[in-house]
Amino acid sequence: MLTALRAGAYPDLSAYFSLLYLGIFLPACLIAYSLTPGKYKKYALLLESLLFYWLISGVYLVYLLLSVGAIYGFGLWLRSIFAARDAAVKAAEKAERKAIKKAYQKKARHVMTLGVLLHIGLILVLKYTGFFLENVNALFGLTVAIPAFVKPLGLSFFILQSVSYLVDVYRQTISADGNVLRLGLYLSFFPGIVEGPICRYGDTARALWEAKPIAYENLCLGLQRIAFGLMKKLVIADRLNPMVEELFSRNDAYPGYMSLVGGVLYTLQLYADFSGSMDAVCGTAQIFGLTVPENFRRPFFSKNISEFWTRWHITLGTWFRDYIFYPVTMSGPLKKLTGAARKKLGNHFGPLVAGSIALLCVWFSNGLWHGAAWHYVAFGLYHFVLILMGNIFAPYLKRVNDRLGLSSEKKLFHLWQMLRTTVLVIFGELIFRADSMSMAFTLLKNIFAHFDLTGFAYNDLKAALSAADCDVLDLLIVGITTGIVLVISILQEKGIRIRETLNEKPIAIRWAVWYALILFVIIFGAYGVGYTPIDPMYANF
């Protein structure tokens with residue numbers, strides 16, 4: 001048994017809907033956790049989380065352990081600085097207290113900065129060294145050797161959690177934790193370490209450490225959510241994959257409008273894959289009695305791009321907001337710039353100057369976070385421009401809408417806003433999905449310069465389906481399943497809690513619905529002989 005638990009031998013375990021994870025590892029963890037006496041459950045959960053990372057990453061577990069040790073040490077260092085400051089302030093004369101506080105705050109800022117730079121530096125070295133050297137070689141005609149670093153799964157996610165912990169301790173919004181094992185569980189909790197969500201210490205660490213017994217209601221609700229995510233992943237995302245691969249890898253073989261079709265299908269695939277994985281994470285956490293932050297809130301109901309990013313990958317967006325946008329905006333130079341710009345440009349355009357600089361930092365970082373390539377940077381800058389334009393023209397558009405009597409309360413106008421936002425998102429995902437900037441330009445050029453609707457025919461779609469070894473039935477199944485997800489999303493948008501409402505129904509109705517869902521996934525899911533399992537799409541970011 002123990003010989004089977006080899007380091008890094010099971011990378012497929014990182015796929016939440018694989019048989020290895022869903023059929024073996026998760027049930028084994030739940031059984032072991034349930035059998036562990038109450039006061040030891042937290043240690044069992046920590047061991048299960050470390051075992052999970054050991055099995056998928058092997059020796060690269062050391063990065064996770066080093067991060068745990070680092071935030072533990074830096075946190076205590078900051079705590080000692082603040083304790084010394086408070087003692088010094090208490091003993092000093094009133095006139096000296098401000099200077100003492102400033103000196104200790106400067107020291108704490110240096111410690112926090114060092115801890116943050118060590119963590120961000122690790123990502124920069126492992127993830128971006130190759131990208132940097134490739135561009136240096138191309139720019140200066142050099143031949144510097146490019147080292148091949150292995151980036152462990154989940155590195156970006158647990159590093160961002162580590163940084164948020166250190167900054168929050170520095171800001172004194174949380175107290176430094178003196179329990180290194182609790183910090184270890186906070187960073188390593190196995191359901192979320194591969195794809196997030198990016199949790200904050202204050203929201204999850206102590207709740208995790210309470211390690212509540214598994215309650216029957218939480219078990220049912222958690223399994224139901226996992227099943228819903230399983231439907232999204234297997235029936236929509238994985239079934240669409242061959243078609244998406246065909247349309248992007250051989251885009252030159254089809255008319256321009258087929259590139260747009262590829263963008264639509266990829267956007268749907270990405271949403272189903274990532275939100276389905278988040279359903280699995282949130283469902284698993286609920287089984288353990290933990291509420292983790294939601295990463296999706298029906299993003300395609302957004303009225304504009306800015307709102308979209310408050311509904312899509314929510315925890316990444318709030319991380320960038322709290323640890324990049326606000327600090328940059330509130331920095332001394334930008335506060336001065338805002339004051340000067342406000343005097344010259346007025347109350348609308350003045351603050352936009354500094355805000356736009358901070359926004360650029362956010363979206364440049366967002367693009368690079370997703371990958372070390374220029375098309376990811378372009379993806380980030382595309383959204384930066386859209387949001388910036390929205391901020392600039394917001395008051396003028398409001399005046400026009402008011403004069404025309406248009407508002408989001410009117411269903412047709414709201415629908416138009418949602419469709420407009422979705423189209424803009426699809427063009428962004430085309431850039432995101434492309435393998436390079438040249439491919440992104442080619443896809444966009446095909447759409448705008450070679451759309452060629454005169455050749456629009458069933459034969460084009462049929463040829464693409466045939467090349468992808470799919471047929472119209474595959475698209476029909478995806479369409480029906482997407483319709484189911486849409487109906488559920490509409491109900492949730494209206495404030496209806498689907499699982500809780502269903503649990504109030506008679507047991508025959510409840511079981512009928514969930515058996516129908518399970519049978520639907522079994523019959524229409526993409527799996528089995530001849531099928532190549534698709535890795536979680538966000539695990540590599």
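Just so it is clear, the values below take in all heavy atoms, side chains as well, and ignore hydrogens, waters and symmetry mates. Throughout, residue positions are numbered sequentially from 1 according to the sequence presented. All values reported here derive from a predicted model rather than from experimental measurement.
Listed for the His370 side chain is no donor-acceptor partner under 3.5 Å among the backbone atoms of Gly380. Between the side chain of Ser436 and the backbone N or O of Met439, at least one donor-acceptor pair lies under 3.5 Å.
Between Phe189 and Tyr53, the ring centre distance reaches or exceeds 6.0 Å. Aromatic ring centres of Tyr43 and Trp209 lie closer together than 6.0 Å. In summary, the aromatic rings of Trp77 and Phe82 are positioned with their centroids too far apart to meet the 6.0 Å limit. Between Trp309 and Trp363, the distance from one ring center to the other falls under 6.0 angstrom. Aromatic ring centroids of Phe379 and His383 lie under 6.0 Å apart.
Checked for salt-bridge contact, Asp279 and Lys232 meet the test: a charged N lies under 4.0 Å from a carboxylate O. Ion pairing between a basic and an acidic side chain is recognised when a charged N comes within 4.0 Å of a carboxylate O; Asp402 and Lys398 show such pairing.
Taking the six-membered ring where the residue is Trp, Phe448 and Phe427 present parallel rings, their angle staying beneath 30° rather than reaching 60°.
Under 3.5 Å, the side chains of Arg206 and Tyr186 contain no donor-acceptor pair of N or O atoms. A donor-acceptor contact closer than 3.5 angstrom is absent between the side chains of Arg79 and Gln172. With hydrogens and angles left out, the side-chain atoms of Asn304 and Thr421 include no donor and acceptor closer than 3.5 Å.
Pairs passing the salt bridge (charged side-chain N to carboxylate O under 4.0 Å, His left out) check and including a residue from residues 306-333, sequence neighbours excluded, read Arg200-Asp322, Lys303-Glu307, Glu307-Arg311, Arg311-Glu493.
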